[in-house]
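Note that the structure is predicted; figures quoted are calculated from it, not measured. Just so it is clear: chains get the letters A, B, ... in the order the sequence lines come, proteins before strands, and each one is counted from 1.
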Amino acid sequence: MTNAQMSPARELDTTGLNCPLPILKTKKELNSMETGTVLKMVSSDVGSLKDIEAFCTQTGHGLLSSEEDGNSYIFHIRKN
Amino acid sequence: MNKMTELKAAAAAATTASDVTKAEFDKWFDERFEFKMKEMAENKTPSMSIIATKGTLDWAYPPFILASTAAALGWKVSIFFTFYGLLLLKKDVSDMKVTPVGNPAMPMKMPFGPDWFKNIDWPIPNAVSGNIPGFENMASGLMRETFKSKGVASIDELREICVDEGVGMHACQMTVDVFGFTKDDFIDDITSWCGAASFLPTAQKSDVTLFI
């Protein structure tokens with residue numbers, strides 16, 4: 001995956017929010033985006049590591065990357 | 001001999017004259033069947049029906065968290081609010097309470113101060129929590145504050161998301177009559193006022209059914 005393909009059209013910071021808000025806000029943000037564009041989502045909820053993966057599997061959005069940076073979890077999601 | 005073996009034997013007897021054709025047919029059928037089943041599973045929208053029966057602050061969370069999350073996953077969701085669960089649909093839910101009395105699994109935590117202080121589970125006997133006036137209000141206030149400081153959504157917020165996501169909000173008509181509420185006490189976004197007979201057919205067709 002090149003950097004150009006990963007470059008996010010939108011960023012969403014859900015730091016401080018707990019389950020299920022990161023998922024709900026991510027879904028809402030993706031709804032307002034165009035197919036094929038990428039959303040960068042940052043969360044402080046350790047549960048989001050598994051939940052975002054499950055969310056993407058179920059909804060068909062592409063999980064391009066999922067990283068851990070200290071207490072932050074960073075996801076790149078391509079809208080389906 | 002069970003029914004399936006009998007059927008297989010009958011099918012085999014009927015097609016002995018053209019064994020090759022039967023083998024080909026079976027192969028085609030098996031492949032086609034698997035393909036169709038997979039296609040159906042992929043195209044099906046998962047569905048969930050929840051029966052919400054409790055109206056305290058702690059029990060208000062599970063139905064709204066599960067419903068809003070399932071809706072975010074693209075599921076079709078319906079909730080039937082009955083008995084005390086009906087209170088979850090009141091316009092004003094800011095007076096929702098939780099009580100430590102007879103609720104031994106409920107931790108009593110303080111929402112303020114340093115982490116070591118917040119993590120203490122205060123051992124308060126029922127004799128105290130049940131007899132001091134206003135204890136329930138205090139416990140409810142503390143739980144609300146703890147949830148807020150941990151970034152957990154409020155009941156209003158989760159309920160609004162459910163409504164926006166198209167979760168079916170079905171209110172039990174009988175409960176309104178029994179407890180003497182009026183429909184004005186409840187939010188305007190109620191999908192239907194109905195009874196068990198209306199909700200059960202929806203639940204029957206759901207993939208997930210929960211009683212909370």
Flag if over 12 foreign heavy atoms under 6.0 Å of NZ, Lys90(B): no
Is it the case that more than 12 heavy atoms not belonging to Lys44(B) sit under 6.0 Å from its NZ atom? yes
Would you say Glu53(A) has more than 12 foreign heavy atoms packed within less than 6.0 Å of its CD? no
Counting heavy atoms not belonging to Asn71(A), are there more than 12 under 6.0 Å from its CG? no
Just by modelled atom types, is the Lys150(B) backbone N or O under 3.5 Å from a matching donor or acceptor in the Asn18(A) side chain? yes
Counting only heavy atoms not in Glu34(A) (residues, nucleotides, ligands), do more than 12 fall under 6.0 Å from its CD? no
Proximity of residues 19-28 of chain A to chain B, residues having a non-hydrogen atom under 4.5 angstrom: Pro20(A), Leu21(A), Ile23(A), Leu24(A), Lys25(A), Lys27(A)
Per-residue contacts, residues 56-87 of chain B versus chain A, heavy atoms under 4.5 Å: Ile65(B), Ser68(B), Thr69(B), Ala71(B), Ala72(B), Leu73(B), Trp75(B)
